[in-house]
**Student:** 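Below are the structure tokens for one structure; questions will follow.
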Amino acid sequence: MDRIHIEKLTVFAHHGYYEEEARLGQKFQVTLDLYQDLQPAGSDDDIGSTTNYGEVCQAVDRFMRENRFDLIETCAEGLAQDLLEAFPGIRALDLTIHKPWAPVGLPVEDLSVTIHRARHRVFLGLGSNMGDRKTYLDGAIQGLKEADQVSLSQVSSYIETPPYGLVDQDPFLNAVAEIETTLAPYPLLDLCQSLEKAAGRVRKVHWGPRTLDVDILFYDQEILGLDRLAVPHPDLVNRAFVLEPMVELAPNFIHPVNKLTMAKCLEALEKKADHED
């Protein structure tokens, strides 16, 4: 992806673990690589088609001066999130905070921390089969709208489907939500589980009734096998109640494992069902 490079923007600020650093302040330098598609700006010569790097520099200076952190790691995290929220054209960034006056007690030319942060395209599966199902789904959508570091892109239609796995229970109301987020997988999982908890979700029976289920279906094109999280959802291709709303939102989204589009995945599942009948 194209990038805008800003090299060692100098700011005087008051970050540091030691009291004299916070009191006296010191010089910091910020280096940025901002990743986005620059072809539109290259074609129309319009500053509105790119990220105004002058405004970025002013935003960096303002954030560094108006906040106070013990660690430059914390400062870098906050600055990265601030820039991604303020400048929607930036898809990802590399950020380095240099601390050339670091009090290490030895000669040092520079000390720095570098992080990479990005926006991620994520699809979430929502389901409920207890109580006021629509209210629970609506509540989850509202929770996503209000969550930090999350932007709700679109929501599928709500569809009623028979239970899956444990069939002796009430039918489900299901949907898929597409979001854009700067959250890493585990913090995003924590957010999903907090939405479930807010809806009174109790985990007693596997595949059993629930007020609200919020599953991470896809996280970009990542394939993750973590302790608490498997992405893409391992049983997704066998679930029409997931594939149908996925096709509604993103029929050409490609499954990173089987390399089929959502439309092709649903077609294959329907053919399988016809054959079994």
Side-chain angles (χ1 to χ4, degrees), residues 121-147 150-181 188-219 228-258 260-277:
R121 186 186 189 190
V122 175
F123 291 93
L124 302 175
L126 311 175
S128 174
N129 77 329
M130 292 179 66
D132 190 339
R133 301 171 301 169
K134 182 177 183 301
T135 295
Y136 286 127
L137 295 193
D138 289 345
I141 296 303
Q142 187 61 36
L144 292 171
K145 289 180 180 179
E146 296 173 356
V150 172
S151 175
L152 182 66
S153 302
Q154 55 179 340
V155 182
S156 74
S157 304
Y158 293 1
I159 59 171
E160 186 173 77
T161 62
Y164 180 87
L166 185 63
V167 298
D168 186 19
Q169 55 181 311
D170 292 333
F172 276 79
L173 201 62
N174 289 292
V176 167
E178 180 184 352
I179 65 171
E180 187 172 81
T181 183
L188 178 59
L189 177 62
D190 291 339
L191 171 62
C192 293
Q193 292 181 344
S194 73
L195 295 175
E196 294 176 342
K197 184 177 180 180
R201 168 75 183 268
V202 178
R203 298 174 183 272
K204 289 185 176 180
V205 180
H206 182 55
W207 282 342
R210 74 289 308 265
T211 55
L212 180 65
D213 198 21
V214 183
D215 289 329
I216 301 174
L217 305 175
F218 295 105
Y219 187 93
R228 297 164 47 212
L229 179 64
V231 177
H233 193 283
D235 200 37
L236 182 151
V237 294
N238 296 314
R239 300 183 174 191
F241 62 86
V242 172
L243 293 176
E244 288 177 10
M246 277 297 307
V247 169
E248 178 185 339
L249 297 187
N252 296 318
F253 184 84
I254 296 175
H255 194 298
V257 176
N258 65 21
L260 297 178
T261 66
M262 294 296 97
K264 289 294 185 182
C265 287
L266 180 58
E267 181 182 330
L269 182 59
E270 289 173 340
K271 287 181 177 179
K272 179 182 177 182
D274 290 342
H275 179 72
E276 290 176 348
D277 290 343

**Student:** What are the two closest heavy atoms between Leu195 and Gly143, and how far apart are they?
**Tutor:** CD2-CA, 3.8 Å
**Student:** Begin with the C-alpha distance, continue with both residues' side-chain angles, and end with the deciding distance and a verdict on side chain to side chain contact (heavy atoms under 4.5 Å, CB included) for His233 and Ile216.
**Tutor:** CA-CA 7 Å; His233 193 283; Ile216 301 174; over 6 Å; no
**Student:** From Tyr158 OH over to Asp138 CG, what is the distance, rounded to the nearest 0.5 angstrom?
**Tutor:** 4.0 Å
**Student:** Please check this pair: side chain of Arg133 against backbone of Pro171, looking for a donor-acceptor N/O pair closer than 3.5 Å.
**Tutor:** yes
**Student:** Could you check whether any side-chain heavy atom of Leu144 comes within less than 4.5 Å of a side-chain heavy atom of Val214, counting everything from C-beta outward?
**Tutor:** no
**Student:** Checking side-chain contact (heavy atoms from CB on, under 4.5 Å) against Phe218, which of Leu236, Leu124, Val176, Ile254 comes through?
**Tutor:** Leu236
**Student:** Check Ala199 against Leu212 and note the closest heavy-atom contact, atom names and distance.
**Tutor:** CB-CB, 3.7 Å
**Student:** Is there a side chain to side chain contact (heavy atoms under 4.5 Å, CB included) between Val237 and Val257 once you walk through the steps?
**Tutor:** CA-CA 11 Å; Val237 294; Val257 176; over 6 Å; no
**Student:** Looking at residues at least two apart in the chain, or sitting in another chain, which of them share a side chain to side chain donor-acceptor pair (under 3.5 Å) with Ser157?
**Tutor:** Glu248
**Student:** Would you compute the distance between atom CD of Glu267 and atom OG1 of Thr261 and round it to the nearest 0.5 angstrom?
**Tutor:** 8.5 Å
**Student:** Testing the basics here: between Asn174 and Gly127, what is the closest heavy-atom pair and its distance to 0.1 Å?
**Tutor:** OD1-CA, 3.4 Å
**Student:** Verify, without hydrogens or angle tests, whether Glu178 (side chain) and Arg121 (backbone) share a donor-acceptor contact under 3.5 angstrom.
**Tutor:** no
**Student:** Any non-hydrogen side-chain atom of Asn258 less than 4.5 Å from a side-chain atom of Cys265?
**Tutor:** yes
**Student:** Give, for atom CZ of Phe123 and atom CD of Gln154, the distance between the pair rounded to the nearest 0.5 Å.
**Tutor:** 6.5 Å
**Student:** Enter the distance from Phe172:CZ to Asp213:CG here, rounded to the nearest 0.5 Å.
**Tutor:** 7.0 Å
**Student:** Which pair of heavy atoms, one from Ser156 and one from Pro245, lies closest together, and at what distance?
**Tutor:** OG-CB, 3.3 Å
**Student:** Using side chain to side chain contact (heavy atoms under 4.5 Å, CB included), reason through Glu270 and Leu266 one step at a time and then give a plain yes or no.
**Tutor:** CA-CA 6 Å; Glu270 289 173 340; Leu266 180 58; 3.7 Å; yes
**Student:** Roughly how far, to the nearest 0.5 Å, is CG of Asn238 from NZ of Lys272?
**Tutor:** 4.5 Å
**Student:** If I take atom CE from residue Met130 and atom CZ from residue Arg210, how far apart are they, to the nearest 0.5 angstrom?
**Tutor:** 10.0 Å
**Student:** Is it true that a side-chain atom of Asp215 and a backbone atom of Leu126 form a donor plus acceptor pair closer than 3.5 Å?
**Tutor:** no
**Student:** Decide yes or no for Arg228 and Gln193: does some side-chain heavy atom of the first lie under 4.5 Å from some side-chain heavy atom of the second?
**Tutor:** yes
**Student:** Would a distance-only check, ignoring hydrogens and angles, find a side-chain to backbone donor-acceptor pair under 3.5 Å from Ser128 to Leu137?
**Tutor:** no
**Student:** Can you find a heavy atom in the side chain of Glu180 that is under 4.5 Å from one in the side chain of Val122?
**Tutor:** no
